[in-house]
Amino acid sequence: MSALEQIRKRPALIISILGLALLLFILTAISNPEKLFSDPTTIAKVDGEKIDYTQFQNRHHMLMEQDEQRARANGQTSKTDGALLEMQTMNSIIDEVLLTKKLEKLGITVTDAEITELISGAQPHPLVAQYVQGLGFPSAVEFYNFAFEPENNGVDPESAAMLRNYWMQMENSLRQQLLNTKYQQLFGYTLVPNKVEAKNYFTESQTVDTIRYVRITPAAITDAEADLTDADIEKMYQQEKNRFALTEDQNLINYIKVNITPSEADRAQAMAEIDEALTGLREFPGTEGIYNNLKFIVDNHNTSADNLPTAIANRLEQLEADSVMQISFYDNVYTLAKFLGKDKAVDKVKVDVIQLVDNNAATTDSVISLLASGVSPDSLTTLVAQSMLDQEVSLLDPAMSAVAEMLTNAEVGKYFAPTVEEGFPGNVIYRVASKEAPVDVYEIAEIKYTLEPSNATIGDLRDKLSTFAFNNHTAAQFVDSAAAAGYTVVPAYVGKSSLAVDRVPETRSLAKWGANPDNKGKVSEIVTDAAGTYFMVAAVTDVYDKGFIPASDPFVKNYITPLALAQKKLDIIAERFAGKGDNLDAFAAATNLPIETAAVSFSGQGNNILSADGKLLGIVAATPVGVYVAPTATSNAVVAFEKVCTTAPAREFIETIDMNDFMRHMGHPMFSAANAQSILRHGKEIDNRIQKFSND
């Protein structure tokens, strides 16, 4: 009997099953409503466009590889914090999406021909060399062949697919670089000046106005007289609030960061071990005096004075006399040295190295005879694989240890080929072209001891911070009690796009905790980094919705309050001195204030205090000669003045010179990449969900 027939015979059973399924669905939706309408693969929405997590992941991997390549090129290990790199990745994608949308609207594109020119043109883009060399290819052509013609180059399908992905990443990066350049050029060159603008700028900046003035600064009014109110602060906040715009909900947190550093007890213990080591090094041969202390790391040098570490070379004479000494203490590292002896040895030689195609004794002898007769290695193209002529090398370099003795004893000017029996390839010919006289060679043991915090110190630091956090378990207590406990609280903002607190490495979990509005008023657990360099704890002080950071915020208040106070004082001064005389002399007499004379200009010539007052410069420029201006609040003072005269520019406008000066100050060089990003983001809805995809 078919399943359909069974269903028809048991409608009540089927209705019950369907009802149960619907009930389970509803219960699931109620307990996990976000899963009903969630978008689990969208890591961000930028101006309505979704960014998939896979896109982010691919870009992140690419930036990680680039970061590691840069580090390897500098002989370092990449130390970029993963969270900071993820935020950099997300921001680069957001800016790229916004730029692409803008350029599409403007009809600006990058053609395949332009990309080809950037890869294989006469002047390839530096990014190409970085990619190609990072992947170990000698050229972009070979990179392409391995990626897209694997069957002709012995590349397995899996490796070829990976290389093709790298190639596409390179092309996309180049395309984005060129789009950025085009956008900046387009935007920048809309700021092209004309001759009239440049001439006006020249005239205004070079014109000098001489004024007689009385200037009263806010210092004339005490803070008590000003009686600053919340209404005054709010008024200034409304003028400045656009500085404090928020593009997403953010929380204000206050954190305490305790750096894990050695204590005085640790330093005392280290000095005791250093003193013991110096004594042991003097009493016992070599470095036997520190064999039992694994904290001391020994590096033996057997080289000329020029090749010794600088700190040792600078004290070589004293070290040779004293035998053992402490050389330096820097960045918590003690450096000791022991003089072990001095000898003579050849340092610099110039040598020819010629590698043959074949490893055949008869061929080698034949080539040596030809070279000895004056034949150039470059002419023996069928016999010589490669040659390096007249290479200056140091035989004291550890990298030359395998051939140092051989080259030291070699006869100058004679070609020779050490044999396989002697431990050499057999098909390499050498000639020492010149050999400098032997130099002093110093045998010195460099001994380093790193001062590190002891386990007791680390435990004490954590216990003290833990006790403080336990006793001050609300945000208000946390902030108010920190100073008395010897801690400094640092304010910071975190939101759903934050993967670190104040760019402190490895604070991903703390940023995520702090961004949760449910934690307002709470104090976090103590966190630390993998290397154990700090302890950190935070409290969520306030929660701000998208819009503007309020005037009550400590950052905002610290910025607004001085401005509001200065403005209140200027208003009081202007009101107090209003109507005191019809001219400057009468005003000075009525107020018992001195009259001063100064020259001012937009170029900054003359009195620096007055020329820095932009509002005053504007009023002076608009005032006719001989006219008195009653006390007026300017940018940073109250000024009453009278224009005495105006001095025209000392020379005529020179187009070839002054147009360039105008461009530097007012033209496209003022437009930077940072400006471009700010302009692109302005007014755009950006929903950055990276924190939800981030592991603690």
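Values below: every heavy atom of this structure, side chains too, minus hydrogens, waters and symmetry copies.
The side-chain heavy atoms of L563 and E240, taken from C-beta on, include a pair separated by under 4.5 Å. Residues P262 and N332 meet the side-chain proximity criterion, which asks for heavy atoms closer than 4.5 Å. Annotation: side chain of R508 is in contact with side chain of E86 (closest heavy-atom distance under 4.5 Å). Using a 4.5 Å heavy-atom threshold, the side chains of E104 and T109 count as separate. Counting heavy atoms from C-beta on, the side chains of I211 and V620 come closer than 4.5 Å. The closest side-chain heavy-atom distance from I256 to V490 is not below 4.5 Å. L451 has its side chain out of reach of V333: every pair of non-hydrogen atoms, C-beta onward, lies at least 4.5 Å apart. Considering only heavy atoms from C-beta on, P554 comes within 4.5 Å of L252 through its side chain.
Summarising the geometry of R681 relative to I94, their closest heavy-atom pair is NH2-CG2, 3.7 Å, with the distance given to 0.1 Å. Scanning both residues, F587 and P631, for their nearest heavy atoms gives CE1-CG, 3.2 Å. The minimum heavy-atom distance between T507 and V504, with the atom names listed, is OG1-O, 2.6 Å. Nearest heavy atom pair, residue R267 against residue F329, reads NH1-CZ, 4.0 Å.
Checked by atom type, the side-chain pair D661/Y201 shows no donor-acceptor distance below 3.5 Å. Remark: the Q206 side chain and the S601 side chain contain no N/O donor-acceptor pair separated by less than 3.5 Å. A donor-acceptor contact closer than 3.5 angstrom is absent between the side chains of D460 and T457. Side-chain polar atoms of T42 and R689 form no donor-acceptor pair below 3.5 angstrom.
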Donor-acceptor contacts, no H, no angles, side chain residues 645-654, under 3.5 Å, sequence neighbours left out:
unit_1: T646; atom_1: OG1; unit_2: D209; atom_2: OD1; d: 2.8
unit_1: R651; atom_1: NH1; unit_2: D658; atom_2: OD2; d: 3.0
unit_1: R651; atom_1: NH2; unit_2: D658; atom_2: OD1; d: 2.9

For a quick test of your reading: what N or O donor-acceptor pairs under 3.5 Å do the side chains of residues 569-582 make, sequence neighbours left out?
unit_1: K569; atom_1: NZ; unit_2: I221; atom_2: O; d: 3.1
unit_1: K569; atom_1: NZ; unit_2: D223; atom_2: OD1; d: 2.7
unit_1: D571; atom_1: OD1; unit_2: Q567; atom_2: NE2; d: 3.0

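The ring pair (Phe, Tyr, Trp, His ring centres under 6.0 Å) check on F468 picks up F478, Y487, with sequence neighbours excluded. Shown here are the salt bridge (charged side-chain N to carboxylate O under 4.0 Å, His left out) partners of R462, two or more places apart in sequence or in another chain: there are none. Partners of V110 according to the side-chain contact (heavy atoms from CB on, under 4.5 Å) rule, which considers only residues two or more places apart in sequence or in another chain, are E114, I115, R175, L178, L179, K182. Applying the side-chain hydrogen bond (donor to acceptor under 3.5 Å, both in side chains) rule to K568 yields the partners D232; only residues at least two apart in sequence or on another chain are considered. Here F548 pairs with nothing under the ring pair (Phe, Tyr, Trp, His ring centres under 6.0 Å) rule; sequence neighbours left out. A search for ring pair (Phe, Tyr, Trp, His ring centres under 6.0 Å) contacts involving H125 returns nothing, not counting sequence neighbours. Residues meeting the ring pair (Phe, Tyr, Trp, His ring centres under 6.0 Å) test with Y493, sequence neighbours left out: F555.
Pairs passing the side-chain hydrogen bond (donor to acceptor under 3.5 Å, both in side chains) check and including a residue from residues 633-645, sequence neighbours excluded, read R212-E642, R215-N636, D613-T634, D613-S635. Applying the salt bridge (charged side-chain N to carboxylate O under 4.0 Å, His left out) rule to pairs touching residues 465-476 yields nothing, sequence neighbours excluded. Applying the ring pair (Phe, Tyr, Trp, His ring centres under 6.0 Å) test to residues at least two apart or on different chains, the pairs with a partner in residues 214-247 are F244-Y559.
A donor-acceptor pair under 3.5 Å is formed between the side chain of T632 and the backbone N or O of A630. For the pair D553 (side chain) and I549 (backbone), a donor-acceptor distance under 3.5 Å is absent. For the pair K615 (side chain) and A633 (backbone), a donor-acceptor distance under 3.5 Å is present.
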**Message:** Before you tell me yes or no, could you show the steps for E96 and R59 under salt bridge (Lys or Arg N to Asp or Glu O under 4.0 Å), namely the whole-Å CA-CA distance, both residues' side-chain angles and the distance that decides it to 0.1 Å?
**Reply:** CA-CA 12 Å; E96 182 178 311; R59 176 70 60 83; 2.6 Å; yes
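Look at D542 and K520 and you find a salt bridge, because one of the NZ, NE, NH1 or NH2 atoms lies within 4.0 Å of a carboxylate O, short of that distance. A salt bridge does not link K257 with D502: none of the charged nitrogens is closer than 4.0 Å to a carboxylate oxygen.
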